[in-house]
Amino acid sequence: MVPDQQPTPATDTLTDAEARRLIDAAYRPTHPTSYRDDTPNPAYGTTPPVAQPGRPPMSQHSADTSGLLLSGSVAALSVGGATSLVLWSLDQVDPLTLAVGAAGPVALVLAAGSLLRSAARAKTATTPSEHHHHYNGPVRQQNTTLSSTTKGLVAKTGNTTG
């Protein structure tokens, strides 16, 4: 540039174009950032399956049940140990007291299991079943819905048919 020559002012269009070029150059990767291999995986290989460490292969239901049994055994161990420690510290370790102390948590677990089972049965009983009827000939179908409303301290029932 010649010392006595003034630079020409840049227009907005040239400035925007140069800024866009610099930004694109800054964000352009110098090496690939990803690679997709579209070759299909083989249907089977030559290596036989190997059992992995941990729980042995089993169905989902069996895995859930074994986890439940393991957690139940941990809970029973802690409750039994605490009961034994309390009875031993109170010098009340006669067989009858030990049997009552050991039967309490078991009765609680059995009651909770029975409650859960009955709740599951009630849930399946409320699921509506689907009926398919096949008739040969003219059919007249009539549906009647009965709704009941009970109000007050003493049951006063009013039935409406619709």
Side-chain angles (χ1 to χ4, degrees), residues 1-83 85-86 104-152 157-162:
M1 183 155 120
V2 180
D4 48 328
Q5 184 181 12
Q6 294 290 335
T8 59
T11 63
D12 288 341
T13 308
L14 290 174
T15 306
D16 288 344
E18 182 64 15
R20 192 166 310 282
R21 185 190 67 79
L22 290 173
I23 291 171
D24 288 342
Y27 283 104
R28 185 176 305 121
T30 58
H31 58 280
T33 57
S34 65
Y35 173 74
R36 181 180 178 102
D37 186 9
D38 290 325
T39 57
N41 291 328
Y44 59 89
T46 57
T47 306
V50 177
Q52 300 298 311
R55 290 187 179 175
M58 60 180 86
S59 69
Q60 184 63 44
H61 182 0
S62 298
D64 294 343
T65 303
S66 68
L68 186 65
L69 289 174
L70 287 172
S71 61
S73 65
V74 168
L77 179 65
S78 62
V79 169
T83 303
L85 184 64
V86 167
V106 172
L108 182 65
V109 168
L110 290 175
S114 174
L115 179 67
L116 289 174
R117 240 181 279 113
S118 63
R121 270 193 239 119
K123 181 182 175 189
T124 57
T126 59
T127 307
S129 59
E130 188 174 332
H131 296 282
H132 295 279
H133 301 283
H134 303 280
Y135 299 102
N136 294 327
V139 175
R140 178 175 177 261
Q141 187 173 7
Q142 180 179 354
N143 291 327
T144 303
T145 305
L146 179 68
S147 62
S148 174
T149 308
T150 304
K151 294 180 182 176
T157 305
N159 294 328
T160 57
T161 306

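Below, all heavy atoms of this structure are taken into account, side chains as well, without hydrogens, waters or symmetry copies.
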Next on the checklist: Evaluate Ser62 against Ser59 for side-chain hydrogen bond (donor to acceptor under 3.5 Å, both in side chains), listing each step before the verdict.
Outcome noted: CA-CA 5 Å; Ser62 298; Ser59 69; 3.0 Å; yes
Checklist entry - For the atom pair CZ (Arg121) and CG (Leu116), what is the distance rounded to the nearest 0.5 Å? => result 11.0 Å
Next on the checklist: Filter on salt bridge (charged side-chain N to carboxylate O under 4.0 Å, His left out), then keep only pairs touching residues 31-42, sequence neighbours left out; what's left?
Outcome noted: Arg36-Asp38
Checklist entry - According to the salt bridge (charged side-chain N to carboxylate O under 4.0 Å, His left out) rule, which pairs have a member within residues 13-25, sequence neighbours left out? => result Glu18-Arg21
Item to check | Contacts of Ser71 that satisfy side-chain hydrogen bond (donor to acceptor under 3.5 Å, both in side chains) - sequence neighbours left out | outcome: none
Checklist entry - Looking at CG of Leu69 and OG of Ser73, how far apart are the two atoms once the value is rounded to the nearest 0.5 Å? => result 7.5 Å
Item to check | Counterpart residues, side-chain hydrogen bond (donor to acceptor under 3.5 Å, both in side chains), relative to Gln60 (two or more places apart) | outcome: Asp64
Item to check | Set of side-chain contact (heavy atoms from CB on, under 4.5 Å) partners for Ser78, sequence neighbours left out | outcome: none
Next on the checklist: Quick one: does any side-chain atom of Thr65 pair with a main-chain N or O of His61 as donor and acceptor, under 3.5 Å?
Outcome noted: yes
Checklist entry - Can you name the side-chain hydrogen bond (donor to acceptor under 3.5 Å, both in side chains) partners of Ser66, sequence neighbours left out? => result none
